[in-house]
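Here's the structure we're looking at; comments come further down.
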Amino acid sequence: MIGTKILLIFVFTAIGTAAGFTVMRAYRRDLAYLSGVCAMIDELKRNISYRKDGAADILRGYKSESDRLTVNIGEYLKYAAEKDGTLEISKGYLSAPVHKAVCGFFASLGRSDGDAQLKELDAYGSSFCKLRDAAKEKSEKYGALAVKLGFLFGLGVGVLFL
């Protein structure tokens, strides 16, 4: 009897902790995406400034650590290759403001000459870096808290079943 009760406490605690880890992973995933966008913008600025390459040429060889960003880059490259299609950037797990900013960013690529493109990249870079900093703060602040609260919630539910 006591073994069953302890097992229930363990199971509920494990479920709560797993839910907390899922929330923490979502925060880190958002941070990784926005960090990847900031790094990609820096790469674009560097290549456009010095080598005068086009955005599609730069992104064709760009490797991102974020799977979602890699998908979005592929969607942009498909749009750039068609030249007359519509730009469709999938949302995935992105929030509405981030998705809107990403769509605007990809839509602006390759639309102007090098100097104007660099100014646009600077503007997008600063806005994405602000979003990244907010996501970093949120991840650091709430990521570990979610795991702790999940553990405590699971433990509390398990104790209630005693």
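Both backbone and side-chain heavy atoms feed into the values below; hydrogens, waters and symmetry mates do not.
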Report task. Determine, using the 4.5 Å side-chain heavy-atom cutoff (strictly less than), whether Val98 and Val23 are members of one ILVMFWY cluster. Result -> no
Query - Asp67: partners by salt bridge (Lys or Arg N to Asp or Glu O under 4.0 Å), with sequence neighbours left out - result: none
Query raised in the report: Are there more than 12 heavy atoms of other residues, nucleotides or ligands under 6.0 Å from atom OH of Tyr93?
Result: yes
Report summary line: Scanning both residues in full, the closest heavy-atom pair of His99 with Lys91 reads CD2-CA, 3.4 Å
Query raised in the report: In the hydrophobic clustering that connects Ile, Leu, Val, Met, Phe, Trp and Tyr at side-chain heavy-atom distances below 4.5 Å, which members other than Ile2 occupy its cluster, ordered by chain and number?
Result: Ile6
Query raised in the report: If you look only at pairs with a residue in residues 124-136, which of them pass as a salt bridge (Lys or Arg N to Asp or Glu O under 4.0 Å), with sequence neighbours excluded?
Result: none
Requested in this report: Give, for atom CE of Met24 and atom OG of Ser139, the distance between the pair rounded to the nearest 0.5 Å.
Outcome: 8.0 Å
Query raised in the report: Can you tell me how far OG1 of Thr70 sits from CD of Glu75, rounded to the nearest 0.5 angstrom?
Result: 11.0 Å
Query raised in the report: If you look at every heavy atom in Ile89 and Tyr76, which pair is closest and at what distance?
Result: CD1-N, 4.3 Å
**Report entry** Ala107: side-chain contact (heavy atoms from CB on, under 4.5 Å) partners, not counting sequence neighbours
**Finding:** Leu87
Query - Cluster check Phe21, Val157: I/L/V/M/F/W/Y, side chain < 4.5 angstrom - result: no
Got a list of side-chain donor-acceptor pairs under 3.5 Å for residues 12-19, not counting sequence neighbours?
unit_1	atom_1	unit_2	atom_2	d
Thr13	OG1	Ile9	O	2.7
Thr17	OG1	Thr13	O	2.8

Report task. Supply the atom-to-atom distance Ile73 CD1 to Ile58 CD1, rounded to the nearest 0.5 angstrom. Result -> 11.5 Å
Query - Residues that, via side-chain heavy atoms closer than 4.5 angstrom, fall in one hydrophobic cluster with Tyr50 - result: none
Query raised in the report: Given the rule that I, L, V, M, F, W and Y join up when any side-chain heavy atoms are under 4.5 Å apart, are Tyr124 and Leu77 in one cluster?
Result: yes
Can you give me every donor-acceptor pair (side chain of residues 27-38, partner residue at least two apart or in another chain, under 3.5 Å) with its distance?
unit_1	atom_1	unit_2	atom_2	d
Tyr33	OH	Asn72	OD1	2.7
Ser35	OG	Leu31	O	2.9

Requested in this report: I would like to know whether Phe106 and Tyr79 meet side-chain contact (heavy atoms from CB on, under 4.5 Å); could you show each step before the answer?
Outcome: CA-CA 10 Å; Phe106 279 115; Tyr79 163 74; over 6 Å; no
Report task. Could you tell me which residues satisfy side-chain contact (heavy atoms from CB on, under 4.5 Å) with Lys5, sequence neighbours excluded, listed by chain and number? Result -> Met1, Leu162
Would you list the atom pairs, donor with acceptor, under 3.5 Å between side chains in residues 140-151 and any protein atom, with sequence neighbours excluded?
none

Requested in this report: Only pairs at least two apart or in different chains count here, so list each side chain to side chain donor-acceptor pair (under 3.5 Å) that has a residue in residues 57-66.
Outcome: Asp57-Arg60
Query raised in the report: Residues in ring pair (Phe, Tyr, Trp, His ring centres under 6.0 Å) with Phe153, at least two apart?
Result: none
N/O donor-acceptor pairs under 3.5 Å from side chains in residues 40-48, not counting sequence neighbours:
unit_1	atom_1	unit_2	atom_2	d
Glu43	OE1	Arg46	NH2	2.8
Glu43	OE2	Asn47	ND2	2.8
Lys45	NZ	Asp122	OD1	3.0
Asn47	OD1	Arg51	NH1	3.3
Asn47	ND2	Glu43	O	3.2

**Report entry** Minimum-distance pair of heavy atoms, taken over all atoms of Ser90 and Arg68
**Finding:** OG-NH1, 2.6 Å
